[in-house]
Amino acid sequence: MDLKVLQARLRDPDQWVRVEALRILAMVDEVRALRDIEWVFKNDPEPGVRQVAQWAGQIVYAAYKQQQQQRAAGAEVDRQREERLLNSLVDTSPATYQAMQAQLLQRELSDALRAESNPKTKPTESGEFPALPEAAALSAPPARDTQQDMKQVTIQADDRPDMLDLLDAGLSDEFFED
Amino acid sequence: MPDVLEVWIKRLRDPDIEVRREAVRQLEAIGDPAALGPLATIFALDPDLEVRKLAQWAGKSIYHAIERRAAKAQEINAASLEERRTAAEILKKAQSRKPR
């Protein structure tokens with residue numbers, strides 16, 4: 001007995017079938033049937049059925065309002081969590097955020113310089129780019145010390161800390177709290 | 001031998017409140033959608049508030065279980081339809097490669 005069956009029963013010739021369908025919809029707080037219940041309240045030939053429809057409509061409408069409030073509250077919780085994450089990246093450890101920005105800029109610059117200086121990366125006359133050269137092996141990331149203070153992080157060209165390590169170091173415990 | 005479902009539905013009209021409560025719990029455990037109508041009547045008309053709340057809990061439990069089963073059946077149908085299409089394509093390719 002699903003929603004479609006119950007909706008069909010609201011138009012059954014037997015008034016007791018219609019009453020039972022209304023009661024079931026009210027019992028299970030079926031908000032998707034609100035319009036159907038309203039239709040019965042306005043159009044049913046039996047006054048007793050219209051009365052039951054009014055009662056059922058009030059219950060289902062209250063459930064609908066509660067659902068709306070819960071959704072709004074849930075969206076607010078998500079928004080606050082997102083804000084806490086951003087704050088933890090920027091405010092708590094501005095050095096980590098700045099280091100990430102610096103690393104990004106540096107990579108973009110070196111990529112741009114490499115592209116300019118390497119004739120192999122320039123497009124051929126046919127307009128097609130040649131195959132990319134093999135990527136150079138990355139230097140091993142520095143050993144992680146989780147208790148180390150990350151306030152001073154120096155980025156050098158030959159020593160590139162792993163981006164994920166920087167991100168992990170910058171996240172505060174607050175983010176992982178429920 | 002009377003149907004178990006019928007026995008518990010009949011007990012929903014018992015004058016003893018504990019018997020009605022137990023009947024509601026048993027109907028929820030059985031999970032038959034045929035119990036939704038009688039439970040809805042209890043929800044609407046029982047003189048005891050706790051019994052009405054219990055009937056609503058049982059009714060929702062049965063109703064949502066029905067919905068989950070229907071959704072699962074739909075998923076399985078969609079998956080098996082996809083599998084049949086894939087099998088048909090493979091057969092078609094195999095037939096086209098057969099030496100004549």
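In what follows, chains carry the letters A, B, and so on, assigned in the order in which the sequence lines appear, proteins first and then strands, with residues in each chain numbered from 1.
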Student: Compile a table of inter-chain donor-acceptor pairs under 3.5 Å between chain A and chain B, counting both main-chain and side-chain atoms.
Tutor:
residue, atom, partner, partner atom, Å
M27(A), O, Q56(B), NE2, 3.0
D29(A), OD2, K60(B), NZ, 2.7
E30(A), OE2, Y63(B), OH, 2.6
R32(A), NH2, E67(B), OE2, 2.5

Student: Where on A55(B) is there a heavy atom nearer than 4.5 Å to chain A: the side chain, the backbone, both, or neither?
Tutor: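 Contact with chain A involves the backbone of A55(B) alone.
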Student: Could you look at L39(B) and say if it's the side chain, the backbone, both or neither that has a heavy atom under 4.5 Å from chain A?
Tutor: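 Both backbone and side chain.
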Student: Under a 4.5 Å cutoff for heavy-atom pairs, which residue among P33(B), G59(B), G37(B) has the most contacts with chain A?
Tutor: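 Max contact count across the listed options: G37(B).
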Student: Side chain from CB out, backbone as N, CA, C, O: work out which of these in A44(B) comes under 4.5 Å of a heavy atom of chain A, or both, or neither.
Tutor: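 Answer is both: backbone and side chain atoms of A44(B) are under 4.5 Å from chain A.
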Student: Are I37(A) and L3(A) co-members of a hydrophobic cluster defined by side-chain heavy atoms under 4.5 Å apart?
Tutor: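 L3(A) clusters together with I37(A).
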Student: Non-hydrogen atoms of chain B under 4.5 Å away: do they reach the side chain of A21(A), the backbone, both or neither?
Tutor: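 Nothing of A21(A), per the 4.5 Å heavy-atom cut-off to chain B.
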Student: Rounded to the nearest 0.5 Å, what's the gap from CG on L36(B) to CG on L6(A)? Could you check?
Tutor: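 Rounded to the nearest 0.5 Å, the CG-CG separation comes to 7.5 Å.
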Student: For R35(A), which residues count as a salt bridge (charged side-chain N to carboxylate O under 4.0 Å, His left out) partner, sequence neighbours excluded?
Tutor: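 Scan of R35(A) (salt bridge (charged side-chain N to carboxylate O under 4.0 Å, His left out), adjacent residues dropped) gives E38(A).
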Student: Pick whichever of V52(A), I59(A), V28(A), L25(A) has the most heavy-atom pairs under 4.5 Å with chain B.
Tutor: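 Winner by heavy-atom pair count: V28(A).
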Student: Which atoms of I42(B) are under 4.5 Å from chain A, going by heavy atoms: the side chain, the backbone, both sets, or neither?
Tutor: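 No part of I42(B) comes within 4.5 Å of chain A.
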Student: Should W39(A) and V31(A) be counted in the same cluster of Ile, Leu, Val, Met, Phe, Trp and Tyr side chains packed under 4.5 Å apart?
Tutor: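 Yes, one cluster joins them.
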Student: Consider only side-chain heavy atoms of I, L, V, M, F, W and Y, link residues closer than 4.5 Å, and tell whether V19(A) and F41(A) are in one cluster.
Tutor: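 Per the 4.5 Å side-chain linkage, V19(A) and F41(A) are not co-clustered.
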Student: Is there a path of hydrophobic side-chain contacts, each under 4.5 Å between heavy atoms of I/L/V/M/F/W/Y residues, joining V7(B) to V19(B)?
Tutor: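 In one cluster: no.
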Student: Can you tell me which residue pairs pass the ring pair (Phe, Tyr, Trp, His ring centres under 6.0 Å) test with a partner in residues 16-35 of chain B, sequence neighbours excluded?
Tutor: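 For residues 16-35 of chain B, and leaving out neighbouring residues, there are no ring pair (Phe, Tyr, Trp, His ring centres under 6.0 Å) pairs at all.
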